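Okay, structure first, notes after.
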Number of protein chains: 2
Amino acid sequence: MRGRDVSVPLYQAKAEMFRTLGHPVRIRVLELLQGGPRPVRDLLAEIDVEASNLSQQLAVLRRAGIVTSFRDGALVMYALSTPDVADLLAAGRRILGAVLTDRDGLLVELRSQAKS
Amino acid sequence: MRGRDVSVPLYQAKAEMFRTLGHPVRIRVLELLQGGPRPVRDLLAEIDVEASNLSQQLAVLRRAGIVTSFRDGALVMYALSTPDVADLLAAGRRILGAVLTDRDGLLVELRSQAKS
DNA sequence: TGCGGAGTTGCAGAAATCTTCAAGTGCCTT
DNA sequence: AAGGCACTTGAAGATTTCTGCAACTCCGCA
């Protein structure tokens with residue numbers, strides 16, 4: 001009775017959550033932010049994508065409430081809005097491992113970097 | 001050197017994984033399958049979607065390697081390919097909780113069903 | 001005040017997803 | 001072998017998401 005659209009079913013909200021993570025650039029951003037807040041310019045330096053594109057992807061994450069941003073002088077900083085995100089990425093990694101087992105070279109890469 | 005396309009970066013595989021979960025019907029299927037293997041007809045009875053549409057979504061999950069299927073007489077059964085999927089859904093639930101806090105009624109619904 | 005660096009926003013064309021319809025396969029029952 | 005239930009597949013139009021360009025805002029500095 002309080003918020004916006006009470007009729008949005010829970011499973012749809014969940015789907016939107018996952019869909020938000022379903023983009024390479026957005027995944028990379030989240031992985032980088034796991035190490036703490038970072039300015040856009042840093043992300044830009046590591047991700048190889050156009051500035052406007054990165055901004056669009058950051059906006060998607062912001063709208064979903066997964067990251068927050070604030071200005072620090074001339075720079076704009078981004079940070080995870082909750083550390084729980086790390087769990088999600090970790091769980092994703094585990095499934096990927098299970099699924100890719102003996103199904104091409106990614107597995108090797110996966111094992112060799114407990115991070116990323 | 002073995003599998004299909006070694007050049008597919010890991011973070012892209014991750015993004016695809018999450019994107020696969022980014023659909024309401026697919027989320028529901030996975031939630032239902034957490035209780036064990038089920039025939040399509042059961043899923044169909046609980047999900048309110050056309051048979052052909054459900055089939056398409058099941059195919060997406062199958063291609064991603066998240067579920068497996070096998071025939072049992074006249075029925076086709078589906079099952080999670082790995083129990084790790086439950087962790088992923090649980091992690092998603094946690095983030096949703098964190099993100100939605102004091103941001104509309106879904107929170108209430110979320111708390112009241114540790115399942116789903 | 002005028003510049004340049006740092007990001008964001010609006011858009012439009014391109015690409016990927018969804019949804020549904022029609023047709024097809026498999027298996028069981030009679 | 002005929003019929004019917006249980007699903008899957010193929011295709012096409014509708015919708016959503018991506019990407020890159022151009023224009024714009026905000027801040028710090030000369």
Side-chain angles (χ1 to χ4, degrees), chain A residues 5 8-9 11-30 32-33 37-81, chain B residues 4-5 8-9 11-30 32-33 37-79 81:
Chain A
D5 184 357
V8 173
Y11 54 81
Q12 185 169 327
K14 288 184 196 168
E16 273 165 28
M17 246 277 303
F18 285 117
R19 175 138 88 266
T20 299
L21 304 192
H23 187 292
V25 169
R26 295 196 292 262
I27 288 286
R28 299 214 74 187
V29 167
L30 295 180
L32 290 170
L33 292 185
R38 275 164 170 284
V40 175
R41 54 138 57 166
D42 275 24
L43 302 175
L44 199 49
E46 308 213 42
I47 299 184
D48 185 47
V49 67
E50 283 203 8
S52 67
N53 194 334
L54 178 57
S55 250
Q56 297 281 5
Q57 307 311 334
L58 288 172
V60 171
L61 292 172
R62 234 187 303 120
R63 266 178 246 129
I66 292 176
V67 304
T68 53
S69 67
F70 56 94
R71 190 174 267 281
D72 177 22
L75 306 184
V76 175
M77 306 286 294
Y78 274 83
L80 297 184
S81 64
Chain B
R4 289 172 308 199
D5 184 356
V8 173
Y11 53 81
Q12 185 169 327
K14 288 183 197 168
E16 273 164 27
M17 247 277 302
F18 285 117
R19 187 172 333 160
T20 298
L21 304 193
H23 187 292
V25 169
R26 297 197 291 262
I27 288 287
R28 299 212 75 185
V29 166
L30 295 180
L32 290 171
L33 292 186
R38 275 163 171 283
V40 175
R41 62 165 20 229
D42 275 24
L43 302 175
L44 199 49
E46 308 214 43
I47 298 183
D48 185 47
V49 68
E50 282 200 10
S52 67
N53 194 335
L54 178 57
S55 249
Q56 297 281 6
Q57 308 311 333
L58 288 172
V60 171
L61 291 171
R62 235 187 302 120
R63 266 177 246 129
I66 293 177
V67 304
T68 52
S69 66
F70 56 95
R71 190 174 267 280
D72 177 20
L75 307 183
V76 176
M77 306 286 294
Y78 275 84
S81 65

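All chains are named by letter (A, B, ...) in the order of the sequence lines, taking the proteins before the strands, and each is independently numbered beginning at 1. Remember, predicted model here, so these are calculated numbers, not experimental data.
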**Prompt:** What stem regions, each of at least 3 consecutive Watson-Crick or G-U pairs below 3.5 Å, can be found for DNA chain C?
**Reply:** C:1-30 with D:1-30
**Prompt:** Between A:Arg26 and D:dC18, does any side-chain N or O lie under 4.0 Å from OP1 or OP2?
**Reply:** yes
**Fill in**
Sorted by chain and residue number, the side-chain contact (heavy atoms from CB on, under 4.5 Å) partners of A:Thr68 (sequence neighbours excluded) come out as A:Ala79, A:Ser81
**Message:** With the threshold set at under 4.0 Å for non-hydrogen atoms, list the residues of residues 43-55 of chain A touching DNA chain C in residue-number order.
**Reply:** A:Ala51, A:Ser52, A:Ser55
**Asked** Of all residues at least two apart in sequence or in a different chain, which pass the side-chain contact (heavy atoms from CB on, under 4.5 Å) check with B:Pro24?
**Response** A:Tyr11, A:Gln12, A:Ala15
**Item:** Length of the CG-P vector between A:Leu61 and D:dC18, whole Å
**Value:** 11 Å
**Asked** Do A:Leu30 and A:Val67 have side-chain heavy atoms sitting under 4.5 Å apart?
**Response** yes
**Message:** Tell me which one of B:Leu43, B:Val49, B:Leu61 satisfies side-chain contact (heavy atoms from CB on, under 4.5 Å) with B:Val25.
**Reply:** B:Val49
Show me the protein contacts with nucleotides 11-16 of chain D, counting only N or O atoms at under 3.5 Å.
{"from": "D:dA11", "atom 1": "N6", "to": "B:Gln56", "atom 2": "NE2", "distance (Å)": "3.3"}

**Length of the line joining B:Gln57:CD and D:dT9:P, which is rounded to integer Å** = 13 Å
**Request:** To the nearest 0.5 Å, tell me how far B:Arg71 CZ sits from B:Met77 CE.
**Result:** 12.0 Å
**Request:** Using side chain to side chain donor-acceptor pair (under 3.5 Å) as the criterion, list what pairs up with A:Arg26, not counting sequence neighbours.
**Result:** A:Gln57
**Fill in**
In whole angstroms, the gap separating P of D:dT17 from NE2 of B:His23 amounts to 11 Å
**Prompt:** If every non-hydrogen atom of B:Leu33 is compared with every non-hydrogen atom of B:Tyr78, which pair is closest and at what distance?
**Reply:** CD2-O, 3.5 Å
**Fill in**
Rounded to the nearest 0.5 angstrom, the CG-CG distance for B:Asn53 and B:Leu58 is 9.5 Å
**Message:** My understanding is that only residues two or more places apart in sequence, or in another chain, count here; which of them pass side-chain contact (heavy atoms from CB on, under 4.5 Å) with A:Ala59?
**Reply:** A:Arg62, A:Arg63
**Item:** Nucleotides bounding contact with chain A, strand DNA chain C, heavy-atom threshold 4.0 Å
**Value:** C:dA6 to C:dC11
**Request:** Quick one: closest heavy-atom pair of B:Ile66 and B:Thr20, and the distance?
**Result:** CD1-CG2, 3.8 Å
**Request:** Sequence neighbours left out, what pairs pass salt bridge (charged side-chain N to carboxylate O under 4.0 Å, His left out) with at least one residue falling in residues 39-59 of chain A?
**Result:** A:Arg38-A:Asp42, A:Arg38-A:Glu46
**side-chain contact (heavy atoms from CB on, under 4.5 Å) evaluation trace for B:Val29 with B:Leu54** = CA-CA 9 Å; B:Val29 166; B:Leu54 178 57; 3.9 Å; yes
**Asked** Could you write nucleotides 24-30 of chain D as a row of B, S and -, 5' to 3', where a protein heavy atom under 4.0 Å of any base atom gives B, of only sugar-phosphate atoms gives S, and otherwise -?
**Response** ---SS--
